[in-house]
Protein chains: 2
Amino acid sequence: MKRQLAAGVILCLSLYLHAAAQANPVFTNTLLPEPAKLTSSEGRLPWSSSFSVSTPHFHDERLDAAIQRTLQALEDKTGTPLSKEVRTDATAATLVIDVQGAGQAIQSLDEDESYSLNITTTGARIQATTVVGAMRGLETFQQLLQTEPTGYFLPAVQIEDTPRFRWRGLMIDCGRHFEPVEVIKHTLDGMAAVKLNVFHWHLTEDQGFRIESKLFPRLTGMGSDGLFYTQDQAREIVAYARARGIRVVPEFDMPGHTKSWFVGYPDLASAPGPYTIRREFGIEDAAMDPTRDSTYKFIDGFIGEMAQIFPDPYMHIGGDESDGVQWKANPRIQEFMRTHSLQDAAALQAYFNQHLLKILQKHNKHMVGWDEVLNPALPKDVVIQSWRGAKSLSDAAKQGYQGILSQPYYLDGMKSAAEHYLADPLPFSSDLTPEQRSFILGGEICMWGEHLNERSIDSRIWPRSAAIAERFWSPEGVNNIDDMYRRLAAESIRLEALGLTHLSHQDAALRELAGTEDIDALRTFASVLEPVSFSDRYEQQHTSQLTPLDNLVDAVRPDPPSRHNIERLTHQFLQAPAADEQARADLEAAFKEWIVAAPAINAQLASTPLLAVAQSRGSQLPQLATAGLEALNYLSQGTKAPAGWKQRTLALIAAAKNPQTLVRFTFLPSLEELVNAVPD
Amino acid sequence: MKRQLAAGVILCLSLYLHAAAQANPVFTNTLLPEPAKLTSSEGRLPWSSSFSVSTPHFHDERLDAAIQRTLQALEDKTGTPLSKEVRTDATAATLVIDVQGAGQAIQSLDEDESYSLNITTTGARIQATTVVGAMRGLETFQQLLQTEPTGYFLPAVQIEDTPRFRWRGLMIDCGRHFEPVEVIKHTLDGMAAVKLNVFHWHLTEDQGFRIESKLFPRLTGMGSDGLFYTQDQAREIVAYARARGIRVVPEFDMPGHTKSWFVGYPDLASAPGPYTIRREFGIEDAAMDPTRDSTYKFIDGFIGEMAQIFPDPYMHIGGDESDGVQWKANPRIQEFMRTHSLQDAAALQAYFNQHLLKILQKHNKHMVGWDEVLNPALPKDVVIQSWRGAKSLSDAAKQGYQGILSQPYYLDGMKSAAEHYLADPLPFSSDLTPEQRSFILGGEICMWGEHLNERSIDSRIWPRSAAIAERFWSPEGVNNIDDMYRRLAAESIRLEALGLTHLSHQDAALRELAGTEDIDALRTFASVLEPVSFSDRYEQQHTSQLTPLDNLVDAVRPDPPSRHNIERLTHQFLQAPAADEQARADLEAAFKEWIVAAPAINAQLASTPLLAVAQSRGSQLPQLATAGLEALNYLSQGTKAPAGWKQRTLALIAAAKNPQTLVRFTFLPSLEELVNAVPD
């Protein structure tokens, strides 16, 4: 509890100092996440090729590797060749890393991730209890590097930093669509850069079983289409994550979402087989048979095997969306429920989970499950991951369960970074008691896999996850949207330098769609488009695992800069329509650019079927832009719009909102505000 | 010999038919490389989701996998979900693949790569003797897919195709800079797409030993900076290549270029150690000691180990640039030379190579070496790879040696695709006898590693290598530059869809350099820039292995479309300066775009040191564009330029040619032509 209260105090200080830092002409703060406490002064530490690092107290292989990565990144960023030698016998170095010890052998919730970073005009020092804390500090150090026309420097700052929440996760669903090892590694690089610390690996789904079992080889042999992680690869990922201070929590979703298990092992199911890999999405009736000892024997063997690969103290057993249909249809299971006084499917699932819990305990694992596992029959050390939202999580905390908030962080909703950012796992306004508050461990970003492939995934995860990472790490009061977007833009470029393709994917996809390098007009078009939400797309396109993900919707990215830029300019302009020349000029330039590009856009949209889907958007764009120009004119001149204009224009905007093309314009709410502001 | 004569005949036919195909409005030929023989007719095979494949005669795992890759690519391209089931019991399918057998267990020079492809209005058929031939046909099939506004189709064509040369290679130097496994795999994907068939893997250099030896672990343990391929990874690459009909020829460069060997095993050298990994580039004095039995014992052990990993019948022993300095300085070696009547360093190297040859023969390998290995002391089954050029290769053929041409295909020269394309390994004009001609096995593209990293490598290799691949595969007379560039533009997009980053790298690098997503102006700037040649950069920058490769020169790509486009428009315009409105308008638009972008370009160049290097180019661009506009005006109006204008302008162009900024403008020769054409 002291953690949260302290954060509140730090917050005010931090915001104050942040403003001061902004006013400091030599220091542009693009830190993301913001540290808990930062003070800056006028001085600077000059950058030079003699930059050196020492680890005078403790160092180990993990710290050494993190330092080498940092040196490489700084060298790439500055073009300055740096010595890669790190001295362990000297305290004199440009950057002294003073660490007390390695940290936990198996990183837990209680790993100390705090650090301090002190930069003066003569040198820098990171102090941390653990190597994990030092690695967090190294990320901050890199983010502090300042560029000016003639060189680089580091600003004089003092940072005391510690995370607000202990569980700061990102889940990737590799079940519905497989993601190669390289994609996972790049994701872990990105996570480390923004101080996320849990990679929740959703490894099994109706649509695919993605982790090799040597005990039960038909799981991947028949249930994966050949797309799975070998045990060696999984260990490689675990090691890669640990090297970056990231825990790996694997999820084996049971008793539902298990159809892929049944292809090779139909006896696990509650109805006779044969089974095939599910291709459709949505809730599946097939579920494990919780009444048979053989089911638990299988699970025990499998979990025992997985426990050898995944050292984390937690294991996620899913538990969501098991609809009980197979259970109801099976007389033997019905009879079992009567015999054991299990009233309904929920009770049977609780019975299943009790057995599962024993298996996990046998293998020294704590259980994590989705909302549905919450049941009085389960002990209080089960962690609830809430996909139902804050209310559900709060209710669980009131019952004494630890929980992780996820629902506001579903990336496939294609919401803005701002919307995710403002959702707090534990808002100040929460009615939880101090003890109950301590049960909220943190949050997890969820990247569900229905509409993902290895090419598009980065653009779905980044940079929005960086904004959410700040929500999980920084004090609650760090919540200025404009400032977040300013820093996010800088972080987005830094993330790309790690090898992520969230920015380059769009152009590559547009070139492939258009069959040419000449995509200037399409680039303009795509810059004001974003994918519709998962559910809008699913309803429109009736997607399955077999749907090719090569459409315009797969090319464009959620919440591109245009959305917030137009919104910010609109709000600025509307504050003084007759006076604000700059915002008006910027908006005008944008609207005119769209009009100019429209003929070329529409010619390309008409050239090939996969682009032709968006032809209606192509014809709407210049109409909407024209409406925007008209609104600007009426507003800046203070004149009324002609009769019928507003109604016609709002109808045009409404029509542009339909999700049929699978892509939507980013600027419609802002345009609507402009139009509504026109007197009539 | 019949091969070449036949190709000559086919050529005329092919060109004629190609012209006919171009005239056919329903078929845009973007095949690259052009097949040996193609006839097309008016019909078309419609595309639909019922597209199916059968392999009624032979099929194996390799063919099955190639078919799955093809189906996936077609599905991605068309957005049409396809059945992945391939029938083996039916001849009825949209595409019937009729193969006689697997091909060689270990692919050799004599593998039959020929195929025929017949597409009618009702179906398609690939016929081939081997699976490798069928895979070549599948690539052609994919390239034939036509897009129109309402759908896709395949044109009715008959293709009989066979390669002109048997050895069509690409060498990558992973010694001077290491390239990750994923980069190699993507490269192999690209090679398969354009029908290259030899991956020459340069694995050892003064600057790094890149392949694990279990017998001699200090080779990588001390000589690689930890950057090397494990034996498992090397086997994975060999298998990946074989799955695509590509041989892997490893190179272990000896007796020079071996400094990295000596770090762990100094006794191999001709002078006492200790040695460190070389960081500088250029010729190194350190060389193996050819006088000691222990040297050959070591090599025998090492080659024996490598022979287990690399099944190809050929092994490359380098042999280049051994300067003999260490040999001359060592009295014991001098004495040995006198005793053995070895006149000079070349004779001693021949002595060394004779021993090496015996070791290779013991392990059932043929020897390949660079020019320097050519010596009467060596038997005629040694293959000479020529870095000295066509003359050297021709001389070798006259002496009865087989050879591979490389010198005109050095990608680090940063030449245009056209220049590489026009260099023929065996021009019609060659004075070789028919028997000597048969000794020219083909050619190899060389990608040397001094200035490469994993981010830039794709843009250095592609798409230029695709043009060279056509030179190696297609009849000699397929040599229309404009048509090559037209097809290359299409192939470049197809290559990107395989996961290569040759197109997306530039923008990503520009964003990183500028620290922002707002790179519209820089993109315009970069579109008319290319890297200076290896030697120009090396001389200007004094690069070493430790030089960060993060400069503007590393962002821009060789021979971007602007070069040939401006050249083509210039030539078109100059044919009728007063009459050609279109070429003039296009050139004017380009020049004006550069002028408009210039202020934003120069503002960004001034903002950060790594871009500031190119500030002189930024100020030259609008001046050159203005000169271009002036030239267009004088020429279209038929007026003389004012006194001094031409001299001033040519001086401006000359100044813009200096290589100091490491990047050069692509359009200077064309601009020079325009200016020189102005009457004065």
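In what follows, every chain begins at residue 1, and chains take the letters A, B, ... in the order their sequences are listed. Just the heavy atoms: all of them, side chains too, but no hydrogens, waters or symmetry mates, feed the values below.
Contacts between residues 552-566 of chain B and chain A, defined by a heavy-atom separation under 4.5 Å, are made by Arg557(B), Pro561(B).
Distance check, rounded to the nearest 0.5 Å: CG of Asp507(B) to CZ of Arg523(A) gives 6.0 Å. Residue Asp232(B) holds its CG atom at 9.0 Å from CG of Asp232(A), rounded to the nearest 0.5 Å. Taken to the nearest 0.5 Å, the CG atom of Leu513(A) stands 8.0 Å off from the NZ atom of Lys77(B).
Note on Thr516(B), Leu611(B), Thr30(B), Asn453(B): by heavy-atom pairs under 4.5 Å with chain A, the leading option is Thr516(B). Put simply, of Ala497(A), Gly79(A), Gly151(A), the one with the most heavy-atom pairs under 4.5 Å next to chain B is Gly79(A). The greatest number of non-hydrogen atom pairs below 4.5 Å with chain B, out of Glu75(A), Gln72(A), Glu454(A), is found for Glu75(A). With chain A as the partner, the residue from Leu503(B), Thr147(B), Leu546(B) showing the most heavy-atom pairs under 4.5 Å is Leu503(B).
Neither the backbone nor the side chain of Arg494(B) comes within less than 4.5 Å of any heavy atom of chain A. Thr78(B) touches chain A through its backbone: at least one of N, CA, C or O sits under 4.5 Å from a heavy atom, while the side chain does not. Only the side chain of Glu496(A) comes within contact range of chain B, judged by heavy atoms closer than 4.5 Å. If you measure heavy-atom distances from Thr80(B) to chain A, the contacts under 4.5 Å come from the backbone alone. For Glu182(B), the part sitting under 4.5 Å from any heavy atom of chain A is the side chain, from C-beta outward, and nothing else. Interface remark: Glu148(B) contributes backbone atoms only to the contact with chain A (heavy atom separation under 4.5 Å). With a threshold of 4.5 angstrom between heavy atoms, Asp76(A) approaches chain B through its backbone and through its side chain.
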Show every donor-acceptor pair shorter than 3.5 Å between a side-chain atom in residues 603-610 of chain B and any protein atom, with sequence neighbours excluded, or say none if there are none.
unit_1    : atom_1 : unit_2    : atom_2 : d
Gln604(B) : NE2    : Asp518(B) : O      : 3.0
Ser607(B) : OG     : Gln604(B) : O      : 2.7

Might you work through the salt bridge (charged side-chain N to carboxylate O under 4.0 Å, His left out) test for Lys84(A) and Asp225(B), ending with a clear yes or no?
-> CA-CA 11 Å; Lys84(A) 305 298 194 307; Asp225(B) 297 307; over 6 Å; no
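The shortest side-chain heavy-atom distance between Arg511(A) and Ser504(B) falls under the 4.5 Å cut-off.
When all heavy atoms of Glu512(B) and Ile493(A) are compared, the pair lying nearest together is CA-CG2, 3.8 Å.
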